[in-house]
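Throughout, protein chains are lettered first and strands after them, A, B, ... in sequence-line order, and every chain is numbered starting at 1.
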Number of protein chains: 2
Amino acid sequence: MTTPENPRERLLDAAGEIFAEKGFKGATVREIIDRAGVNIAAVNYYFRDKERLYIEAVKHAACGQGEEPHLSWSPDTPPAQKLRDIIRFQLLKLLDPNRPAWLARLIMRELIQPSEACAELAREYIEPRSKILFGVVRELLPPGTPNRKVFLTAFSIVGQCHFYCSHKPIIRILIGEDEYQRLDPTTLAEHITQFTLRALKAEE
Amino acid sequence: MTTPENPRERLLDAAGEIFAEKGFKGATVREIIDRAGVNIAAVNYYFRDKERLYIEAVKHAACGQGEEPHLSWSPDTPPAQKLRDIIRFQLLKLLDPNRPAWLARLIMRELIQPSEACAELAREYIEPRSKILFGVVRELLPPGTPNRKVFLTAFSIVGQCHFYCSHKPIIRILIGEDEYQRLDPTTLAEHITQFTLRALKAEE
DNA sequence: TTGACATTAAAACAGTTGTTTGATACAAAT
DNA sequence: ATTTGTATCAAACAACTGTTTTAATGTCAA
C-alpha cells in the first residue's frame, strides 16, 4: 500500500490504525498527525474535530478494505467440503497476520461499546455470511432438522473459529509463546473441520 | 449486593463498573471516586495509582464475584459427566443474568487490548481452571494423545461456550430477540456437551 | 505584479487529567 | 496527656488533552 500524498487520506489511514489500537479516548490527535506526517491543524481543517475524524476513519477502513474472494461452489460440491472451505476461509481471515488486523479490533470495540459509526456495519457484513453457513449446516444435518438445532450447530462452528481470534492473548499465555507460534490457520482449520464433521456424522 | 463500607472495596466495585463502561483511558479517577463516595486521595492511598486500581478491579471482578461452587467429583465419575459439569458450570457463569453485565465487557476489553491485568488474570485465575479441563479432555481422548490435540480440543469446547457471551449482541441480531430469549444456559450446555461428546466418541 | 484563495505551520489556549501535598481527625497505645 | 499511626480531606500541581488562533506559504487566474 503506497502512502497517499494528500493529507486527508494520510490522516484517515493513520487514524484508523491508531484508533483501532488504542480506542477513541486512548488515541491522541497528536499521535495520529505524527504518524500521518501532517500538521495538527489539518484535523480541524479537513475534518471538524476528533470525533468526526474517527467516524470518517471507520467508514474509510470498512469500505476501502478491498474486494473479498467470494465463496462459490459448483452445484455438486459435497457439503463437507463447503464446510471445510468456510472454516478455512474464516480462520485465514481472522488470523492471517498479513491482513490488516486492526479492522477486526475496530469491530470488536464496536461490539463492546457500539457507536453510530459502524452500528450497521456488523449487520451488513455478518448477516449475509451467516446465511451461507446456515445453509451448509442444514445440508449436513438430517432433513427436517429444526431451525434451532441448525444455528446452534452453526454457532458451535463459528465459536470454535473466533475463539482463536477473540481470546488470542489468553491462549498465548496458556500454552506459551513457542507453542502458539506453531498454531497456523491451516492446522486449526483442519482440526475444527474434523471435530465438527465427526460431531455431525455421529448425529444420525 | 450491599455496598461495603470500607473504601477499598467501594473503589474496586465502582472502578470495575466504570472501567468496563468506558475503558481504561475513558474512565476518570474523579468519576470513580465520585461513584464510590470516597476522597480522590484514596486511590493513591489504597492502590498506588490508576493503573494498579484497574488491575485489581479486573481481578476483583473476575475472581471475587462471590464464592464459586468447587467442581469436585468422586473418583469413579465418568469423564463424560465431568465434561458435562464443566460446560454447564461455565455457561451458567457466563450467561447468568444475576452477574453484573459489565464484567463481560471488562474482560473483553482486556482481550482486545491486553494490559498487565490480562496476564495476571490468566495466570492466577484461568490457568488453574484450564488445567482441570485439560485433564478431563485427556481422559476422554485415547491414551497417548499428543498435548497439542488435547488443548486444541479444549479450545474447541471453551470456544463454543464463550461465543454465546462474547458475541451476544450479534447472536441477538442474527436469530432475533424472541429466539434469543429461549436460549437458556441449560439448553446450550446440553447441545455443546452432545456435540463435543459425539466428536470425541467418533475419534477412535 | 496583483489579489484571492487554499493549504500548511507554529504557538497559544482553556479545560481536564492523574497525582501529590500538607493539614486534619480519630483511635489506640505508651 | 502525649505519642504514634491510620485514615480522610480539600487544595494545588504539573503534564497532557482537543481545539483555536494567527501568520506564513504556495498556487493560479486576472
Review point. Step by step, would you call E56(A) with K50(A) a salt bridge (charged side-chain N to carboxylate O under 4.0 Å, His left out)?
Key: CA-CA 10 Å; E56(A) 295 299 325; K50(A) 185 188 182 184; over 6 Å; no

**Study point:** dA10(D) OP1/OP2 closer than 4.0 Å to side-chain N/O of N39(B)
**Key:** yes

Review point. Do other residues, nucleotides or ligands put more than 12 heavy atoms under 6.0 Å from R48(B) CZ?
Key: no

Check your understanding: Rounded to the nearest Å, what distance is computed from the CD1 atom of residue I33(A) to the P atom of nucleotide dT7(C)?
Key -> 18 Å

**Study point:** Spacing of CG belonging to L140(A) relative to NZ belonging to K82(A), to within rounding of 0.5 Å
**Key:** 9.0 Å

Point to revise | For atom CZ of R8(B) and atom C1' of dT8(D), their distance in whole Å | key: 17 Å

Study note, to complete from the structure: Heavy atoms of P79(A) and E139(A) approach each other most closely as CB-CB, 3.8 Å

Review point. Are side-chain N/O atoms of T77(B) and S74(B) paired as donor and acceptor at under 3.5 Å?
Key: yes

Review point. Using a cut-off of 4.0 Å on non-hydrogen atoms, how would the nucleic acid contact of Y46(B) be classed: base, sugar-phosphate, or nothing?
Key: sugar-phosphate

Check your understanding: Under 4.0 Å between a side-chain N/O of Y45(B) and OP1 or OP2 of dT19(C), yes or no?
Key -> no

Exercise for review: Would you give a per-nucleotide map of nucleotides 16-23 of chain D, 5' to 3', where B means the base has a protein non-hydrogen atom under 4.0 Å away, S means only the sugar-phosphate does, and - means neither?
Suggested key: -BBBBB--

Review point. For I18(B) and dG18(C), what is the distance between atoms CD1 and P respectively, to the nearest whole Å?
Key: 11 Å

Check your understanding: Just checking, any donor-acceptor pair under 3.5 angstrom between side chains of R138(B) and N147(B)?
Key -> yes

